[in-house]
Amino acid sequence: MNTNPIGFFDSGIGGISIWKKVTTLLPNENTIYLADSKNAPYGQKSKQQIIDLSCKNTELLLQKGAKIIVVACNTATTNAIGYLRKKYNVPFIGIEPAIKPAALQSKTKKIGILATKGTLNSSLFSEKVLQYSDIEILEQIGEGLVPLIENGNINSAELTNLLHNYLDNLLQKNIDYLVLGCSHYPFLWQKIENYIGKKIKIIDSGEAVARQTKAILSKYNLLNLTNKKSTHKLYSNTNTSVLKMFVKNCKNVVVDKLEF
Ligand code: DGL
């Protein structure tokens, strides 16, 4: 069981930002990653549709022997993780927008969050926001960004214009932290920083998720302690070229197309 893989899923290549942090912290671990690009974006779907897609992905990961599942998608976590935890007998790690560290460190008491409609409208997210009544949390839906990132063309004028419009809305409000609440957005980190400058701190959840994955594997005695080279199997249900591009410098990775 300990040599079994960690399973990951996302609505596409976004969760690779999380997968990279996890595999860096846990280099012994084997992994399987499902990029459900065929159904991207999840952020515009209903809660029930997100639950159904999350179940489909989970079942495939379990069939492939996943010992733990990282829901490498804020939208799927905030809409479906409670359901997944009740239905399946495997530990789940979720990702949620990193409101807490931003709220604790903000001096202006105003933080921005860029995320999908599905995440911002979820009850899990609303409950979280209520915990920080002394902080103004300015929400911005990043509609349209995910499909453009999925196309692999991060530097297109279309994506840049859209992103700048969304950031302008937040910049007017004197925020000092910007939370990236979608696993696709860390791929825009440099573009965002170039535009908003270094005075506003950008924050995401990748490292926290990696630490939590390690803690839960350790708690259940599931850490892979062998010294064998790890293997990483990444599957996309559409064209694999963008996924390949995003992992081109990673070792021991096999990228394949799979129907799911
Ligand atoms: N990458 C996902 C997230 O973290 C979902 C984006 C989408 O499919 O809309 O929210």
Side-chain angles (χ1 to χ4, degrees), residues 7-22 33-58 61 69-84 92-99 102 112-126 128-129 139-154 159 162-163 166 178-189 192 202-210 212-213 234-239 242-243 246-247 260:
F8 295 75
F9 75 84
D10 179 45
S11 60
I13 48 107
I16 290 295
S17 65
I18 307 290
W19 173 87
K20 282 188 178 168
K21 300 284 185 193
V22 174
Y33 182 97
L34 301 181
D36 188 12
S37 301
K38 191 171 79 184
N39 292 300
Y42 281 11
Q44 299 296 110
K45 296 195 186 318
S46 69
K47 183 177 172 78
Q48 192 56 49
Q49 286 173 315
I50 298 167
I51 289 176
D52 292 344
L53 291 167
S54 299
C55 289
K56 170 198 66 139
N57 296 332
T58 297
L61 288 171
I69 293 179
V70 178
V71 182
C73 173
N74 292 263
T75 311
T77 299
T78 49
N79 284 278
I81 202 154
Y83 187 90
L84 296 175
F92 284 92
I93 307 291
I95 58 166
E96 284 174 38
I99 303 269
I113 167 157
L114 187 62
T116 68
K117 185 172 156 198
T119 293
L120 296 176
N121 287 349
S122 68
S123 46
L124 205 72
F125 179 76
S126 313
K128 192 146 212 180
V129 165
E139 301 174 13
Q140 176 64 52
I141 297 175
E143 191 166 343
L145 295 175
V146 167
L148 293 169
I149 298 168
E150 283 290 314
N151 287 341
N153 196 356
I154 280 174
L159 192 152
L162 207 54
L163 180 64
Y166 296 151
L178 173 64
V179 177
L180 303 184
C182 169
S183 59
H184 281 74
Y185 301 164
F187 295 120
L188 305 177
W189 192 296
I192 295 174
I202 306 170
I203 193 157
D204 75 346
S205 321
E207 267 154 26
V209 170
Q212 178 68 357
T213 306
L234 277 47
Y235 298 104
S236 168
N237 52 13
T238 59
N239 187 329
V242 177
L243 185 53
F246 276 79
V247 296
F260 63 93

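In what follows, every heavy atom counts, from backbone to side chain, and hydrogens, waters and symmetry copies are set aside. Numbering of ligands and ligand atoms starts at 1, following listing order. Because the structure is predicted, anything quoted here is derived from the model rather than measured.
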A.B. asks: Do Y185 and L163 come within less than 4.5 Å of each other through their side chains, counting heavy atoms only?
C.D. replies: no

A.B. asks: Check ligand 1 against G43 and write out every atom of the ligand that is under 4.0 Å from a heavy-atom position of the residue.
C.D. replies: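 Once the distances to G43 are compared, the set is 7 (C), 8 (O), 9 (O).
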
A.B. asks: Just checking K128: does its NZ atom have more than 12 heavy atoms from other residues, nucleotides or ligands closer to it than 6.0 angstrom?
C.D. replies: yes

A.B. asks: Could you check whether any heavy atom of G14 sits closer than 4.0 Å to an atom of ligand 1, since that is the contact criterion I want to use?
C.D. replies: no

A.B. asks: Closest non-hydrogen protein atom to atom 10 (O) of ligand 1, residue and atom name please, with distance?
C.D. replies: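 That would be T75 OG1, 2.6 Å.
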
A.B. asks: Among all protein heavy atoms, pick out the one at the shortest distance from atom 7 (C) of ligand 1; state its residue, atom name and that distance to 0.1 Å.
C.D. replies: Y42 N, 3.3 Å

A.B. asks: Around atom CD of Q49, are there more than 12 heavy atoms from other residues, nucleotides or ligands closer than 6.0 Å?
C.D. replies: yes

A.B. asks: L53 versus F9: any side-chain heavy-atom pair under 4.5 Å?
C.D. replies: no

A.B. asks: Give me the nearest non-hydrogen protein atom to atom 2 (C) of ligand 1 as residue plus atom name, then the distance to 0.1 Å.
C.D. replies: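 Checked against all protein heavy atoms, atom 2 (C) of ligand 1 sits closest to C73 SG, 3.2 Å.
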
A.B. asks: Need the ligand 1 atom indices (1-based, order shown) with element for anything under 4.0 Å from a heavy-atom of D10.
C.D. replies: 1 (N), 2 (C)

A.B. asks: Would a 4.5 Å heavy-atom cut-off, applied to side chains only, mark L234 and F8 as touching?
C.D. replies: no

A.B. asks: Using a 4.0 Å cutoff against the non-hydrogen atoms of T116, which atoms of ligand 1 qualify?
C.D. replies: 6 (C), 9 (O), 10 (O)

A.B. asks: Identify the protein heavy atom lying closest to atom 1 (N) of ligand 1, giving its residue, its atom name and the separation to 0.1 Å.
C.D. replies: H184 ND1, 2.7 Å

A.B. asks: At under 4.0 Å between heavy atoms, which part of S11 makes contact with ligand 1: side chain, backbone, both or neither?
C.D. replies: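 Under 4.0 Å from ligand 1, S11 contributes side-chain atoms alone.
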
A.B. asks: Does either side chain, that of Y42 or that of D36, offer a donor lying less than 3.5 Å from an acceptor on the other one?
C.D. replies: yes

A.B. asks: I'd like the name of whichever of V146, T119, L145, I149 reaches closest to atom 6 (C) of ligand 1 through any heavy atom.
C.D. replies: V146

A.B. asks: Given side chains that start at C-beta, do those of I202 and L180 come closer than 4.5 Å, heavy atoms only?
C.D. replies: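 Of all side-chain heavy-atom pairs linking L180 with I202, at least one is under 4.5 Å.
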
